[in-house]
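I have placed the structure first, in the form of structure tokens, so that the comments after it can refer back to it.
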Amino acid sequence: MKSAIQQWIRNAALAAHAAGALPSDLFPAVEVDEPKSDAHGDFATNFAMLAAKSQKLAPRKIAQALVDHLSDPDGRLARVEIAGPGFINFYLQPWAWPPVVAQVLAQDQGYGATDIGRGQRIQVEFVSANPTGPLHVGHGRGAAVGDSVARILSLCGYDVQREYYINDSGRQIQTLGRSVILRARQLLGEEIDFPEDCYPGDYVRDIARGVLDEKGADFIRGADDAAVLYCARVAAGQIIAGIRRDLALFGIGFDRWFSEQSLFDSDEVTRSLEELKARGVVYLQEGAWWFKTTDFGDEKDRVVVRQNGQTTYFASDIAYHRNKLQRGFDRIIDVWGADHHGYIPRMTAAVEASGGRREQFQVLLVQLVSLLRDGQPVAMGKRSGDFVTLREVLDEVGRDAARFIFLTRDYVTPLDFDLEVAKQKSNDNPVYYVQYVHARIASILRKAREQGVAEVAWREPAGRRLVEAEEIQLIKALARYPEVVAAAAQALAPHRITFFLMQLAALFHAYYNKHRVLTEDGDLTLARLCLVLAVQKTIRNGLSLLGVTAPEQM
RNA sequence: GCGCCUGUAGCUCAGCUGGAUAGAGCAACGGACUUCUAAUCCGUAGGUCGCAGGUUCGACUCCUGCCAGGCGCGCCA
């Protein structure tokens with residue numbers, strides 16, 4: 001609908017210019033929006049104000065010229081007015097809206113889809129938690145955001161690949177191995193002060209028990225580097241398996257699990273460093289190799305090979321992102337925790353130095369989650385070992401509530417996640433508010449079937465019976481959905497879907513309370529059934545972008 | 001000290017990339033279930049958009065400077 005208006009304005013501008021009413025053929029992009037107030041019409045444009053400079057005419061004169069040359073072949077426009085400093089307000093005929101319902105029904109699961117991505121290949125890398133412990137709530141937020149962004153982009157015509165990067169190499173993995181050995185020795189009765197830098201969680205003890213059972217006490221007592229490495233591999237393997245299970249429970253899957261170690265095995269780390277050396281952006285100083293990230297806007301250069309000859313984590317990451325570029329992605333999106341923001345300039349430098357363009361690479365910084373219970377903070381932090389895992393949260397509040405809450409806030413703002421609120425089945429917890437719409441409509445449809453309505457299908461004269469203000473409001477909201485999805489894709493902002501759904505739900509609940517769908521009047525009933533079915537489908541489609549289910553009953 | 005993010009109703013947050021009179025939910029108060037699910041709805045009240053300048057037809061939105069909070073500034077990952 002909006003695009004139709006844009007086209008009308010564009011045509012009117014050209015016609016006005018052709019007729020000599022507008023001096024210049026330089027026109028700004030046509031922006032059409034939906035005014036907050038009904039007093040300003042169904043749609044409005046600021047085109048005349050924007051064009052004032054190039055036309056060298058007063059905005060209201062331009063607006064008048066446009067209105068004079070506006071053509072509306074099918075008569076959908078009821079009225080056009082020029083208002084304020086030069087807004088043009090469009091009022092549609094009431095009958096212009098109901099056909100949207102037919103469109104929603106016809107497109108069904110595809111309603112909301114667009115092709116703004118034009119098949120562009122885009123990779124979303126998210127979660128990528130280190131395999132040193134189970135996922136916690138913060139990872140959950142990143143998972144919800146990354147997954148939803150991927151779903152939205154897919155629906156908008158992007159060719160999306162989801163990836164999880166496993167840091168299964170380097171020092172922390174060694175620390176993990178050491179932790180296992182130490183726990184195993186404790187199990188053997190040794191008195192050991194567990195070091196600060198090791199991983200204390202119960203899961204480490206479980207893994208240690210497993211290794212002990214399998215390899216025997218001598219293996220643990222005489223542990224050498226190889227044994228530590230062995231324990232590290234076993235532990236990482238088990239932890240990753242657990243992470244996969246938790247993510248599956250959360251409804252999240254990946255196209256690829258990418259191992260950091262594989263970059264060493266394939267020599268890509270070395271090769272990427274050689275390439276950078278060849279480009280002259282890596283230099284030797286005080287026995288270490290430095291990447292000149294300052295050439296690319298970073299505040300200081302960064303070490304890639306330490307004095308001791310070991311590569312840094314950053315070196316792996318350079319190789320990893322070079323690998324991504326080589327796989328031919330047009331865009332690369334990384335979802336990170338906000339505490340990594342200082343890492344962005346150097347990573348951008350790496351992408352650029354590896355032959356990518358800086359616009360190709362984008363990082364979504366997901367802010368911290370604080371876990372609360374009844375407003376009181378719940379202890380977290382790996383060091384203490386008693387942090388609440390994502391799994392525990394899912395078991396307690398359920399997948400739908402958790403995902404919805406993670407996405408009811410823009411990810412740039414910190415989030416308080418209150419376990420008690422998440423469990424509440426009230427308006428405090430909007431996931432149920434939205435799901436309730438779906439269930440209520442399912443109930444209406446069941447009832448209609450009982451009353452002998454064989455099929456809910458759009459039929460033309462009947463459709464004209466949708467004339468109530470609440471009905472038109474609902475249809476307008478439905479019409480907006482594809483634009484909301486597209487905007488969410490462009491801004492990489494899944495919370496826009498969430499807010500749209502809450503708004504649509506509010507409109508539906510209000511309508512439901514004021515008007516009956518099932519009436520004595522066959523045509524009216526059919527029209528309203530079509531409307532609520534369209535609402536139901538849109539709710540379902542929107543929820544699916546969030547990874548939330550749409551229940552038939554509650 | 002430097003950098004990034006945030007500051008909107010008592011609380012939690014939106015505000016469609018500069019548009020018209022700044023919006024929701026919760027909390028408060030008053031109402032609505034013999035009728036398709038009350039996990040719902042209707043109404044009342046609630047604001048110096050952190051502060052001060054600037055840019056322009058027009059600023060919550062952009063720029064500058066302050067103030068407050070969070071996070072980050074390793075040859076850790």
Side-chain angles (χ1 to χ4, degrees), chain A residues 31 33-37 39-40 44-46 49-50 52 58-59 83-87 89 130 132 167 169-173 175 197 260 285-290 299-300 302-308 310-314 316-317 337-345 365 367-368 375 408-410 412-416 418 421 424-437 439-448 450-451 480 483-484 486-488 490-491 493 495-496 498-500 502-503 505-506 508-519 525 528-529 532 553-554:
Chain A
E31 288 171 31
D33 57 14
E34 290 166 65
K36 280 173 255 178
S37 158
H40 297 132
T45 184
N46 58 359
M49 277 120 78
L50 295 178
F87 289 106
N89 297 336
N130 293 334
T132 54
N167 295 117
S169 173
R171 209 173 79 173
Q172 61 178 356
I173 210 76
T175 304
D197 64 328
E260 178 187 5
Q285 190 176 67
E286 293 166 6
W289 288 92
W290 298 71
E299 56 185 12
K300 58 184 177 190
R302 311 288 174 178
V303 170
V304 285
V305 184
R306 294 187 273 253
Q307 270 183 348
N308 64 11
Q310 299 240 305
T311 56
T312 60
Y313 173 83
F314 182 40
S316 307
D317 246 352
D339 51 344
H340 287 70
H341 67 79
Y343 208 73
I344 295 176
L365 285 180
Q367 291 289 335
L368 202 80
T408 42
R409 228 165 236 68
D410 191 348
V412 302
T413 68
L415 169 68
D416 287 339
D418 194 308
V421 173
Q424 264 173 41
K425 303 192 167 172
S426 71
N427 230 340
D428 248 341
N429 193 6
V431 63
Y432 298 115
Y433 184 78
V434 174
Q435 285 184 321
Y436 190 39
V437 171
R440 264 186 155 173
I441 294 172
S443 174
I444 297 171
L445 294 170
R446 278 193 295 271
K447 201 73 149 204
E450 281 167 26
Q451 293 181 2
R480 212 164 48 232
E483 296 155 23
V484 170
Q490 248 141 13
H495 75 281
R496 295 209 187 162
T498 317
F499 279 89
F500 170 82
M502 293 193 283
Q503 206 178 341
F508 172 78
H509 286 311
Y511 174 60
Y512 179 91
N513 273 276
K514 189 158 177 188
H515 303 284
R516 279 191 65 82
V517 173
L518 304 175
T519 66
T525 299
R528 289 184 171 176
L529 280 171
V532 298
Q553 54 186 26
M554 289 171 71

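Lettering of chains follows the sequences in order, A, B, ..., and the numbering in each one begins at 1. As the structure is a prediction and not an experimental result, all values here were calculated from the model.
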Checklist entry - Which residues satisfy the salt bridge (Lys or Arg N to Asp or Glu O under 4.0 Å) test with A:R480, sequence neighbours excluded? => result A:E34
Item to check | Torsion-based syn/anti label for B:U35, 90° from 0 as limit | outcome: anti
Next on the checklist: Taking side-chain contact (heavy atoms from CB on, under 4.5 Å) as the definition, give me every residue that meets it alongside A:P345, ordered by chain and number, with sequence neighbours left out.
Outcome noted: A:D298
Next on the checklist: I want to confirm an ordering. Mapping A:L445 and A:G342 to their closest nucleotides on RNA chain B, which one lands closer to the 5' end?
Outcome noted: A:L445
Checklist entry - Taking OP1 and OP2 of B:C26, is either one under 4.0 Å from a side-chain nitrogen or oxygen of A:Y433? => result no
Checklist outcome for this item: Hits for ring pair (Phe, Tyr, Trp, His ring centres under 6.0 Å) against A:F500, two or more places apart or cross-chain, chain-then-number order -> A:Y481
Checklist entry - Which part of the nucleic acid does A:A510 contact within heavy-atom distance under 4.0 Å: base, sugar-phosphate only, or nothing? => result sugar-phosphate
Checklist entry - What residues, two or more places apart in sequence or in another chain, satisfy salt bridge (Lys or Arg N to Asp or Glu O under 4.0 Å) together with A:R409? => result none
Item to check | Gap in Å between the two P atoms, one belonging to B:A38 and one to B:C29, rounded | outcome: 24 Å
Item to check | Results of salt bridge (Lys or Arg N to Asp or Glu O under 4.0 Å) for A:K447 - residues two or more places apart only | outcome: none
Checklist outcome for this item: Residues passing the ring pair (Phe, Tyr, Trp, His ring centres under 6.0 Å) test with A:Y512, sequence neighbours excluded, are A:F508
Checklist entry - More 5' along RNA chain B: A:H509 or A:Y436, using each one's nearest nucleotide? => result A:Y436
Is there any protein nitrogen or oxygen under 3.5 Å from a nitrogen or oxygen in nucleotides 73-77 of chain B, and what are the pairs?
from, atom 1, to, atom 2, distance (Å)
B:C75, O2, A:Q307, N, 2.9
B:C75, N4, A:E286, O, 3.4
B:C76, OP2, A:R306, NH1, 2.6
B:C76, O2', A:R171, NH2, 3.4
B:A77, OP1, A:R306, NH1, 3.2
B:A77, OP1, A:R306, NH2, 3.3
B:A77, OP2, A:Y313, N, 3.1
B:A77, O3', A:Q172, NE2, 3.2
B:A77, O2', A:N130, ND2, 3.2
B:A77, O2', A:Q172, OE1, 2.7
B:A77, O2', A:Q172, NE2, 2.7

Next on the checklist: Applying side-chain contact (heavy atoms from CB on, under 4.5 Å), can you list everything that pairs with A:L368, at least two apart in sequence or on another chain?
Outcome noted: none
Item to check | Whole-angstrom distance between B:G7 and B:A28, as gauged at atom P | outcome: 27 Å
Item to check | Residues which pass salt bridge (Lys or Arg N to Asp or Glu O under 4.0 Å) with A:E260, listed by chain and number, not counting sequence neighbours | outcome: none
Checklist entry - Taking only residues two or more places apart in sequence, or in another chain, which ones meet A:H509 in a ring pair (Phe, Tyr, Trp, His ring centres under 6.0 Å)? => result A:Y433, A:Y436
Next on the checklist: Could you check B:C33 for me: syn (within 90° of 0) or anti?
Outcome noted: syn
Below 3.5 Å between N/O atoms, which protein atoms pair up with nucleotides 14-18 of chain B? Just atom names and distances, please.
from, atom 1, to, atom 2, distance (Å)
B:A14, OP1, A:D410, N, 2.8
B:G15, OP1, A:H495, NE2, 3.1

Item to check | Between A:N167 and A:Q172: side-chain donor-acceptor atoms closer than 3.5 Å | outcome: no
Item to check | Any A:R440 side-chain N or O less than 4.0 Å from OP1/OP2 of B:A38 | outcome: yes
Checklist outcome for this item: Listing for RNA chain B: consecutive Watson-Crick or G-U pair runs of at least 3, distance cutoff 3.5 Å, ranges ordered by first number, gives B:1-7 with B:67-73, B:10-13 with B:23-26, B:28-32 with B:40-44, B:50-54 with B:62-66
